[in-house]
Amino acid sequence: MKNDRLLADFFRRDTVLVARELIGKTLTRVFDDGTMRRYVITETEAYCGQSDLACHTSKGRTKRTQVMFEAGGLVYVYLIYGQYWLLNFVTEQEGSGSAVLIRGLKGHDGPGKLGRELKLNKSFYGENLESSTRIWLENANPVNQISEHPRVGIHYAGEPWISKLWLYKAD
DNA sequence: AAGACGATCCTG
DNA sequence: AGGATCGTCTTT
């Protein structure tokens, strides 16, 4: 099966499960000039709600994190270090405050670099993956070999969060 | 109003 | 190892 878009129900599940299942899925992007490109997701990270001290929502509900408290199936983008737009998908039910960070696409490794490749900006904040005409996800053949690792760049969160194996990678 | 900082990347 | 670069959040 190809060309079937992932619907909101796919995202409204356990964040770790969604992060894992997103590996190998197709990310489709239609650029402003009408060009369509498809990418294979190769690396993801799970951020599991307010109790997860590495998760942005652990600091509470703010203008920046409010979309993460919506029901799954929306885009959460934010600017990091003044230069890179990082791409996340909101997961679980309304109020959960969870999301999956996309860390790598085939040929475009690194969360900042893929944001640049996809020409992301703040207008993608809250984009609906079910109805968007410029970014969505499609089913693809499952990936056999997926490895688990600690998440990157979250030392400040402390234990047990820095030790959780919530980074998933296609091998 | 001002300061600190970051789920990164690039250069030297 | 260190700088770039700026929106968001915290503190005054």
Side-chain angles (χ1 to χ4, degrees), chain A residues 6 10-25 27 29 31 37 39-93 95-127 129 135-137 143 146-171:
Chain A
L6 297 183
F10 174 87
F11 300 95
R12 294 176 187 173
R13 298 181 298 151
D14 177 76
T15 307
V16 164
L17 184 66
V18 173
R20 201 185 169 88
E21 290 193 8
L22 277 173
I23 300 295
K25 293 280 192 289
L27 173 61
R29 171 82 169 95
F31 295 94
R37 292 188 73 173
Y39 304 87
V40 179
I41 295 175
T42 56
E43 190 173 333
T44 63
E45 242 170 27
Y47 286 91
C48 302
Q50 294 182 83
S51 63
D52 174 4
L53 295 187
C55 185
H56 288 163
T57 55
S58 66
K59 308 283 193 300
R61 208 179 277 248
T62 67
K63 186 169 186 180
R64 179 205 190 205
T65 61
Q66 67 179 14
V67 75
M68 293 180 75
F69 290 94
E70 300 291 316
L74 304 179
V75 171
Y76 166 47
V77 287
Y78 69 96
L79 186 68
I80 189 73
Y81 300 114
Q83 3 198 56
Y84 304 103
W85 288 96
L86 300 207
L87 175 64
N88 305 253
F89 302 133
V90 176
T91 59
E92 309 219 15
Q93 299 303 313
S96 168
S98 304
V100 172
L101 169 69
I102 306 304
R103 293 192 57 88
L105 302 174
K106 198 169 191 178
H108 304 280
D109 220 31
K113 290 201 285 188
L114 75 86
R116 184 197 293 157
E117 164 69 21
L118 296 174
K119 295 186 164 65
L120 300 180
N121 56 61
K122 72 173 166 193
S123 77
F124 283 84
Y125 187 89
E127 189 91 352
L129 293 164
I135 189 169
W136 65 86
L137 290 136
V143 171
I146 297 175
S147 56
E148 310 177 338
H149 310 265
R151 294 175 293 178
V152 172
I154 57 148
H155 55 281
Y156 58 84
E159 295 290 359
W161 312 108
I162 54 177
S163 296
K164 299 281 187 191
L165 302 179
W166 285 348
L167 187 160
Y168 300 96
K169 228 175 164 168
D171 292 320

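In what follows, chains are A, B, ... by sequence order, proteins preceding strands, each numbered from 1.
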**Prompt:** Counting only side-chain N and O atoms of A:T62, is one of them less than 4.0 Å from OP1 or OP2 of C:dT8?
**Reply:** no
**Request:** Return the nucleotide paired to B:dA7: Watson-Crick means purine N1 to pyrimidine N3 with N6-O4 or O6-N4, wobble means G-U with N1-O2 and O6-N3, both under 3.5 Å.
**Result:** none
**Asked** Mind checking whether A:H56 and A:Y76 have parallel, tilted or perpendicular rings, split at 30° and 60°?
**Response** perpendicular
**Prompt:** Between A:E45 and A:R151, is there a side-chain N and carboxylate O pair less than 4.0 Å apart?
**Reply:** no
**Request:** Using atom CZ of A:R61 as one end and atom P of C:dC9 as the other, report the distance to the nearest whole Å.
**Result:** 13 Å
**Prompt:** So, A:Q50 and A:T57: side-chain donor and acceptor under 3.5 Å apart, yes or no?
**Reply:** no
**Request:** Summarise protein proximity over nucleotides 2-12 of chain B in one line of letters, 5' to 3': B for base, S for sugar-phosphate only, - for none, counting protein heavy atoms closer than 4.0 Å.
**Result:** ----BBBSS--
**Item:** Any pair counted as salt bridge (Lys or Arg N to Asp or Glu O under 4.0 Å), so long as it reaches residues 108-120 of chain A, sequence neighbours left out
**Value:** A:R37-A:E117
**Item:** A:R29 charged N/C atom sitting above A:Y39 aromatic ring, 6.0 Å / 45°
**Value:** no
